[in-house]
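Only one structure is covered here, and it is reproduced in the block below.
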Amino acid sequence: MAERSLRGMKIGAYSLESDVGVAFVARREETYECAIEGHTFNVTFAQDAEAPQFWECKCGNEAELVRGGGVDDSKPVKPQRTHWDMLLERRTTDELQVLLDERLELLRAGKLHQRRR
């Protein structure tokens, strides 16, 4: 039984769909150039689609649209949040001053112990 194979069409090898009656949308090509490596490549877009200003090159760097008329879809860089910024989201400066005064008082009174490692 293992020596026999199924007769008929190969499953997954051929598509049963045809291109008859399919209307393709109008297309255009935009050229991008990688400033670091100097690569130039084309990307196909629909005629009414807006091309982004930047596209990832095959080398991993950012390539820019050659004609320069693309849409700048890059996100603005958010400033990095520090521990102090996150602390100020939870407490006001006056509350922090009260906590600092309490902890300094305990430290001076010798009620805070250092951890031994």
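Values in this document were obtained by computation on a predicted structure and should not be read as measured data. We number each residue from 1, following the sequence as shown.
- Looking at Glu33 and Glu64, their side chains never come closer than 4.5 Å, going by heavy atoms from C-beta outward.
- The OG1 atom of Thr31 lies 8.0 Å from the CG atom of Leu65; values are rounded to the nearest 0.5 Å.
- Between the CD atom of Gln97 and the CD atom of Glu102 there is a distance of 11.0 Å, given to the nearest 0.5 Å.
- The closest donor-acceptor contact from the side chain of Arg28 to the backbone of Ala46 lies under 3.5 Å.
- Hydrophobic cluster membership differs between Leu99 and Leu106, with clusters built from Ile, Leu, Val, Met, Phe, Trp and Tyr side chains linked at under 4.5 angstrom.
- Annotation: side chain of Leu88 is in contact with side chain of Leu96 (closest heavy-atom distance under 4.5 Å).
- Side-chain contact between Cys34 and Trp55 is absent, with no heavy atoms from C-beta onward closer than 4.5 Å.
- Side chain of Asp101 to backbone of Val98: no donor-acceptor contact under 3.5 angstrom is found.
- The line from CD of Glu30 to CD of Glu50 is 11.0 Å long, rounded to the nearest 0.5 Å.
- To the nearest 0.5 Å, atom CD of residue Gln47 and atom CZ of residue Arg27 are 11.0 Å apart.
- A salt bridge between Glu105 and Lys111 is absent, with no side-chain N of the basic residue lying under 4.0 Å from a carboxylate O of the acidic one.
- Side-chain atoms of Phe41 and Cys57, non-hydrogen and from C-beta on, do get closer than 4.5 Å to each other.
- A 4.5 Å side-chain heavy-atom check between Arg81 and Glu89 finds at least one atom pair inside the cut-off.
- Minimum heavy-atom separation, Ala63 to Tyr32: O-CD2, 3.9 Å.
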